[in-house]
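Being a predicted model, the structure only gives us computed values, none of them experimental.
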Amino acid sequence: MEKLLDDPDAVPITLSAIAREAGMGMSALYLYFPDIGDLLLAVLRRSADQQGDAFVDCLQVRWPDDQLRERSVAFVRAHFDFWQRHARLMQMRNNFADAGDERLTAYRQETSAPLIALLHQQMWPAAEPPGEGDTESIDCATVLFTGLERVATVLINPNFAANARLEGEDARLTYIVRLARAEARLVEIAIREMRG
């Protein structure tokens with residue numbers, strides 16, 4: 001499945017296409033993965049384990065006040081780079097979750113929660129521990145992360161350049177950089193504001 005996911009021009013990803021690519025019969029594939037959702041979950045977990053989440057690493061250490069802009073840019077860039085490498089995987093994850101697949105919805109929430117918590121921690125003044133009762137900064141972190149995911153989803157869409165009426169690769173890349181900068185700026189502003 002990973003080979004099919006890495007090829008943007010590959011055939012539609014179905015269990016039969018995966019079985020053909022793997023050189024195995026459908027019955028053998030069904031032994032391990034009863035449906036495409038189970039296989040997708042396995043690939044998502046493996047990709048996260050193998051690649052590591054550089055964008056998670058960006059949030060692990062408290063950002064100094066005088067480095068908020070640089071750290072925000074690095075975080076947004078690492079997040080986008082990860083999903084750009086795994087564009088079809090993100091699209092499938094979102095399609096399944098948006099279609100009501102409870103497994104993929106739960107996976108998306110399960111993997112988002114630690115990032116939201118880390119963004120929340122970045123928002124607290126150094127002298128204070130992150131407060132669980134402060135719904136304003138938790139909500140702000142949730143909205144920031146949701147926006148980050150949505151921007152990545154839009155930018156990795158194969159029809160993004162046409163939908164945005166961008167002509168040429170340079171225009172597409174320039175627009176991606178602009179949106180990433182805007183997203184990083186919002187992260188920086190929110191953290192600075194919440195730190196007070």
Side-chain angles (χ1 to χ4, degrees), residues 1-8 10-19 21-22 26 29-60 75-123 130 132-160 163 176 179-180 183 186-187 190:
M1 181 171 182
E2 290 169 334
K3 185 175 180 185
L4 294 173
L5 285 166
D6 289 342
D7 182 0
V11 296
I13 298 174
T14 61
L15 284 176
S16 59
I18 293 163
E21 183 65 37
M26 288 294 293
L29 186 62
Y30 280 127
L31 285 174
Y32 298 101
F33 305 104
D35 63 33
I36 192 91
D38 284 333
L39 184 55
L40 180 58
L41 277 171
V43 172
L44 278 163
R45 288 188 173 106
R46 182 177 171 173
S47 293
D49 289 345
Q50 283 182 342
Q51 299 286 329
D53 291 341
F55 56 93
V56 176
D57 294 342
C58 288
L59 292 172
Q60 296 287 348
F75 167 63
V76 169
R77 183 178 298 134
H79 181 267
F80 178 71
D81 288 349
F82 178 83
W83 285 118
Q84 189 171 31
R85 285 192 307 276
H86 302 290
R88 283 187 88 183
L89 189 57
M90 181 185 220
Q91 290 164 343
M92 287 184 71
R93 179 201 74 175
N94 290 346
N95 288 343
F96 274 70
D98 293 344
D101 187 305
E102 291 180 16
R103 297 164 300 180
L104 275 295
T105 300
Y107 177 82
R108 191 164 59 179
Q109 290 172 342
E110 165 192 320
T111 56
S112 297
L115 288 160
I116 292 168
L118 289 169
L119 275 171
H120 177 233
Q121 289 176 3
Q122 289 292 342
M123 293 178 180
E132 292 182 26
D134 178 39
T135 57
E136 183 180 18
S137 62
I138 293 169
D139 292 346
C140 191
T142 301
V143 169
L144 279 176
F145 187 72
T146 302
L148 188 69
E149 288 271 302
R150 184 65 189 141
V151 168
T153 299
V154 168
L155 295 180
I156 64 168
N157 184 313
N159 300 318
F160 151 69
N163 293 341
I176 287 172
L179 290 184
E183 188 70 44
L186 291 174
V187 170

When you look at Leu119 and Phe75, which way does the side chain to side chain contact (heavy atoms under 4.5 Å, CB included) test go after all the steps? CA-CA 10 Å; Leu119 275 171; Phe75 167 63; 4.2 Å; yes

Side chain to side chain contact (heavy atoms under 4.5 Å, CB included) between Leu89 and Arg93: does it pass, once the steps are laid out? CA-CA 6 Å; Leu89 189 57; Arg93 179 201 74 175; 5.8 Å; no

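Between the OG1 atom of Thr153 and the CD atom of Gln91 there is a distance of 8.5 Å, given to the nearest 0.5 Å. In this structure, CG on Leu59 lies 9.0 Å from CZ on Phe145, to the nearest 0.5 angstrom. Atom CD in Glu102 sits 7.5 Å away from atom OG1 in Thr105 (nearest 0.5 Å). The NE2 atom of His120 lies 10.0 Å from the CD atom of Glu136; values are rounded to the nearest 0.5 Å.
Side-chain contact between Val151 and Phe80 is absent, with no heavy-atom pair separated by less than 4.5 Å. Using a 4.5 Å heavy-atom threshold, the side chains of Gln84 and Leu155 count as separate. Inter-residue side-chain proximity for Leu148 and Phe55 is flagged as unmet; no heavy-atom pair is nearer than 4.5 Å. Annotation: side chain of Val154 is not in contact with side chain of Asn163 (no heavy-atom distance under 4.5 Å). Between Tyr107 and Leu40, every side-chain heavy-atom pair lies at or beyond the 4.5 Å cut-off. Taking 4.5 Å as the limit, every side-chain heavy atom of Glu149 sits out of range of all side-chain heavy atoms of Leu115.
When all heavy atoms of Met123 and Ser137 are compared, the pair lying nearest together is SD-O, 3.5 Å. Scanning both residues, Leu104 and Gly37, for their nearest heavy atoms gives CD2-O, 4.0 Å. The two residues Ile36 and Met92 have their closest heavy-atom pair at CG1-CE, 4.3 Å. Taking both residues in full, the closest heavy atoms of Asn159 and Asn157 are given as N-OD1, 2.6 Å, listed atom of the first, atom of the second, then distance.
Between His79 and Trp83, the ring planes are perpendicular. Angles over 60° get that label, and only those under 30° would be called parallel. Taking the six-membered ring where the residue is Trp, Phe82 and His86 present tilted rings, their angle falling between 30° and 60°.
Salt bridge status for Asp101 with Arg108: absent, with no side-chain N to carboxylate O gap under 4.0 Å.
Within 6.0 Å of CD in Glu110 there are more than 12 heavy atoms belonging to other residues, nucleotides or ligands.
In this structure a side-chain-to-backbone donor-acceptor pair under 3.5 Å is missing from Asp57 to Gln60.
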